[in-house]
J.: 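First the structure, which I've put down as structure tokens, then a few questions once you've had a look.
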Amino acid sequence: MKEFNQFIKKELNIPQQKAVIHKKGAIIVIAGAGSGKTRIITARIANLILNENTNPNSIVALTFTNKAANEMKTRLMQFLGSKKHLPFVGTFHSYCLLLLRKNPTLLPYPQFSIMDSDDQITLIKKILKKSALEKQFSANEIIYQISNLKNKFDPNFYEQELSNKLFKEIYFAYESEKNLAHCFDFDDLMLEILKIFRKSKEFKNKFLEKIKHILVDEYQDTNLIQHELLKQMSLNKNQKLKLNTICIVGDEDQSIYSWRGALASNMMQFEKDFKPVTKIKIEQNYRSVQPILEAANMIIKNNKKRTNKNLWSEKKAKNRILSLTCIDEKQEADAITHFISSLPIKTKLNEIAILYRTHFQSRNIEERLIRTSIPYKIIGGIRFYERKEIKDLIAYLKLIVNPYDRNSLLRIINCPQRGLGTKFEEILFQQWDWNSLLDFKQLIHHIIKNDDLKITTSKKQSILNFINIYKNLSKEQKPLSILDHIINKVEYFSYLQKKYDQQETDTKIENIKEFVRSAQEYEQKTSENSLETFLQEIALLQEKTTDAKLENNQIQCMTLHAAKGLEFDNIIITGLEEGILPSYKSLNTTKELEEERRLFYVGITRAKERLLLLHTHSRNNFGQINDQVISRFLTEMPNKLIKHQDISEKNIFEIKKIFNTWLNCKKSDEILTFPSLVKPIIKTKKNFKNQKKKLNKLIKPKWKKNNFVKHQKFGVGIIKKVEQKETDLFYITAIFKSGEKKILSNFLSLI
């Protein structure tokens, strides 16, 4: 305790100290970018436990990602010294799931599965196919609309959206199928708890008796449901605060997720709903040098609906922002590589980030990074638990926990192949519609005994073998033994070897081994290690598996949205033009334009030392050359803080001189060098062709044997052979239902 109190006095500034030790009522902490908000919220929890003698079980800390929750737990353990004393720290979804698990009698069905995005897509596609609406709607579009509908939680919005009769049919079919399968989607987790709070006085009273302190991080990212849920968790029937304290931490200026339903206005609404509210501003920034913060302050002041604040830093510096005008996107990409190769040799590549508004901007940048042999990484990709082989095994496990889970059964009933075609699947689910009280085992026995269905003997034997996989398995068993049993029983490794080439098979087997290791680690780290809790933990994993990648010495390329929460010594922002940043979709409304400005603000405040901004005179947008207009955001930056250079007519030596001057480089300074993999192109036909071949080897083709492809006329097929015609064009031999076809790759799409 003594060490912790010394930490408060010596390591926290005055506003941070006030936020940490505030004792009673509602408190809102406006914590600007880089101001140490995680430090504040964890120190506040530790102060409640150590100095206020608060029972950890009476504290709930909510955030938005597992990564943020784990970071908070790690810091708390450093303060408290023991994991046993930790209160609940986790996401909104994980806390709602915890409450649902503890109150099964208040649910429409006590046993339930959680549908992830793939499960939702499968279900929506089934509904669209059944209603002959595949051509009118896409599954992703419907899922987005359903999620948007639920997160608005506004009766008027419901009426408006459901006025579309077709969408209304799909929506109610989706909810009906979900209920029959005893499933909740992620939005349901919060909605169901909100319903319980509103309907059950006993539940709410017990909650308010137990929980005395609630803390919420990143409050600018909350949606309407989360704000309403917080009110139910905190206020009595007279709308007065029942808790000892409620503390929210956030920053309206960093609200960039309105497309997910986030409302920056929730920060201001909190002051109205929880009044009286103590407001504390944390304006000292510990990340960036002062000129970058001054520029950020000047830009964000142009947004009207915000709490005014002025970020500042003790890190003084000069000439840290450079703006370049390029002739086009190719020169823009060249300028980026020239900048990187002008940096001091001690520079770490993973401390350099290239940010862009949309993914299409990255192509030219990637090509130039490849040509100059600069290692880079595009942040993103398939999450571990979303890989096909992992999802197959999870589906097998889900049926043990929830034998009514239709989506899981549909995924694995013929995986590995059991000779059960689409006709059998139609019979299976038609019978389940008519016998909805049966679980999957009972249903299959019913189908086998029903001679009217005319199921062949071989199919009957196949589905009996499928049922035998689940013999003597239960949700109370430990996940590791069950997982080993299923992998061996279904001969999953043999299935992979038959379906994929050796390299892909090896990769998938390694993924499965990692999955088995995760089950093993889960059993070791917790006493509550049943299959059911293991699956629920997996369902809550939302973080992208990029943490380890950020440790590699590579340039980090990502969208501005992906950069939220990160920081780098050098930030490069490209495409500062009207229609790109801000995006053309935002130019019609002030609300959307202000969010784009916040997005740019987030990008700027990622930079610790230097900020390079680029825009072009013209840009090739999907095959059309367009003149570009400089972004209004760039013109909002004060000239005294930013150095502008037009390099559109400058050669490589003049451009490098600009960077050397900006970086204060001396002739004796060593700079970053990269071993050349691609030599400069010499203007002869022979050398040009050789150079082209070498570049093609660096850029691996996406067309691979055994991958699935889709053709507008022939439907879905599987690749049998790949032949290169030109740099980005291939002859693809694929097997479709109608037979084998040889087609140019630009007429196909990968699925």
Side-chain angles (χ1 to χ4, degrees), residues 12-13 15-16 19 28-43 63-65 67-68 71-72 216-222 248-258 262 264 266-268 279-303 305-317 320-321 351 353 355 357 550 556 558-573 581 594-613 633 636-638 641-642:
L12 301 182
N13 59 42
Q16 287 176 331
I28 179 169
V29 181
I30 310 293
S35 63
K37 58 181 172 54
T38 305
R39 171 183 283 196
I40 294 166
I41 205 164
T42 50
T63 187
F64 284 83
T65 65
K67 180 183 175 183
E71 184 181 348
M72 287 168 66
V216 187
D217 194 14
E218 302 282 12
Y219 203 75
Q220 76 280 349
D221 294 334
T222 55
I248 69 162
V249 182
D251 179 14
E252 304 105 312
D253 295 338
Q254 296 186 74
S255 179
I256 58 173
Y257 299 119
S258 65
N266 276 354
M267 295 283 289
M268 294 180 179
K279 183 189 288 188
I280 298 173
K281 293 183 189 178
I282 313 292
E283 297 173 296
Q284 183 175 356
N285 177 287
Y286 294 91
R287 176 189 298 153
S288 307
V289 293
Q290 184 61 24
I292 291 173
L293 297 178
E294 285 184 40
N297 289 333
M298 292 299 291
I299 289 164
I300 204 65
K301 280 180 181 177
N302 291 283
N303 277 5
K305 293 184 178 180
R306 59 183 292 269
T307 301
N308 187 44
K309 62 180 176 298
N310 192 53
L311 292 183
W312 62 276
S313 172
E314 291 181 345
K315 297 179 181 179
K316 306 302 177 187
R320 294 303 180 92
I321 308 172
E351 283 296 338
L355 310 182
R357 178 62 180 84
L550 289 175
Q556 308 294 299
M558 68 193 84
T559 63
L560 284 155
H561 280 101
K564 177 85 179 339
L566 303 177
E567 58 181 41
F568 302 89
D569 285 342
N570 301 281
I571 287 288
I572 303 164
I573 303 180
L581 185 62
E594 288 201 350
E595 177 145 339
E596 291 289 297
R597 188 177 282 110
R598 292 196 294 267
L599 188 59
F600 182 44
Y601 173 84
V602 165
I604 290 171
T605 53
R606 302 309 95 197
K608 293 194 277 188
E609 296 294 337
R610 292 189 182 274
L611 180 63
L612 177 62
L613 309 170
F633 302 154
E636 290 169 1
M637 300 180 83
L641 296 173
I642 185 169

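The basis for the numbers below is simple: all heavy atoms, side chains too, and nothing from hydrogens, waters or symmetry mates.
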J.: Tell me whether the count of non-hydrogen atoms from other residues, nucleotides or ligands lying under 6.0 Å of CE in M268 goes above 12.
T.: yes
J.: Can you find a pair of side-chain heavy atoms, one from V29 and one from I282, that are under 4.5 Å apart?
T.: yes
J.: Without swapping roles, check the side chain of K564 against the backbone of S255 for a donor-acceptor pair under 3.5 Å.
T.: no
J.: Quick one: pull up CE in M637 and CD1 in I321 and give me the separation to the nearest 0.5 Å.
T.: 4.0 Å
J.: Considering only heavy atoms from C-beta outward, does the side chain of L613 approach that of I642 to under 4.5 Å?
T.: yes
J.: How long is the gap from CZ on F633 to CG on N302, to the nearest 0.5 Å?
T.: 9.0 Å
J.: Got a donor-acceptor contact below 3.5 angstrom from the S288 side chain to the A607 backbone?
T.: yes
J.: Is the closest side-chain donor-acceptor distance between N570 and R610 under 3.5 Å?
T.: no
J.: Which of these passes side-chain contact (heavy atoms from CB on, under 4.5 Å) with D251: K309, M267, K37?
T.: K309
J.: Between K305 and E594, is the closest basic N to carboxylate O distance under 4.0 Å?
T.: no
J.: Atom CD in E218, atom CD1 in I41: separation rounded to 0.5 Å?
T.: 9.0 Å
J.: Whether R287 and E609 form a salt bridge (side-chain N of Lys/Arg under 4.0 Å from carboxylate O of Asp/Glu) is what I want to check.
T.: no
J.: Is there a salt bridge (charged side-chain N to carboxylate O under 4.0 Å, His left out) between E567 and R606? Walk through the geometry before answering.
T.: CA-CA 4 Å; E567 58 181 41; R606 302 309 95 197; over 6 Å; no
J.: To the nearest 0.5 Å, tell me how far L611 CG sits from L641 CG.
T.: 11.0 Å
J.: Establish, from distance only, whether the side-chain atoms of Y601 and N297 form a donor-acceptor pair under 3.5 Å.
T.: no
J.: If we only count heavy atoms from C-beta on, is the Q284 to Q16 side-chain gap below 4.5 Å?
T.: no
J.: Between L355 and A563, what is the shortest heavy-atom contact and its length?
T.: CD2-CB, 3.8 Å
J.: Can you check whether E351's main-chain N or O pairs, donor with acceptor, with D569's side chain at less than 3.5 Å?
T.: no
J.: On a heavy-atom basis, which atom in G603 and which in L560 lie closest, and how many Å separate them?
T.: CA-CD2, 3.7 Å
J.: Taking NZ, NE, NH1 and NH2 as the nitrogens, is one of them in E636 or R597 under 4.0 Å from a carboxylate oxygen of the other?
T.: yes
J.: Hey, are D253 and R306 close enough for a salt bridge, meaning a charged N less than 4.0 Å from a carboxylate O?
T.: yes
J.: Determine the minimum heavy-atom distance between P638 and A295, stating which atoms define it.
T.: CD-CA, 4.4 Å
J.: Check for a donor-acceptor pair, side chain of K315 on one end and backbone N or O of Y286 on the other, with a separation under 3.5 Å.
T.: yes
J.: Would you compute the distance between atom OG1 of T307 and atom CD1 of I30 and round it to the nearest 0.5 angstrom?
T.: 4.5 Å
J.: Any side-chain donor paired with an acceptor under 3.5 Å for T222 and N266?
T.: yes
J.: Please tell me if the side chains of Y257 and H561 come closer than 4.5 Å, counting only heavy atoms from C-beta onward.
T.: yes
J.: When rounded to the nearest 0.5 angstrom, what is the spacing between CD1 in I604 and CD1 in I292?
T.: 9.0 Å
J.: For residues M558 and L566, determine if any side-chain heavy atom of one lies less than 4.5 Å from a side-chain heavy atom of the other.
T.: yes
J.: Could you check whether any side-chain N or O of E283 sits under 3.5 Å from a backbone N or O of W312, counting only pairs where one atom can act as donor and the other as acceptor?
T.: no
J.: Determine, step by step, whether Q290 and S313 satisfy the side-chain hydrogen bond (donor to acceptor under 3.5 Å, both in side chains) criterion, reporting the C-alpha distance in whole Å, the side-chain angles of both residues, the deciding distance to 0.1 Å, and the verdict.
T.: CA-CA 5 Å; Q290 184 61 24; S313 172; 5.0 Å; no
J.: For the residue pair Q254 and E252, confirm or rule out a side-chain donor-acceptor distance under 3.5 Å.
T.: no
J.: Do I299 and F600 have side chains that approach each other closer than 4.5 Å (heavy atoms only, starting at C-beta)?
T.: yes
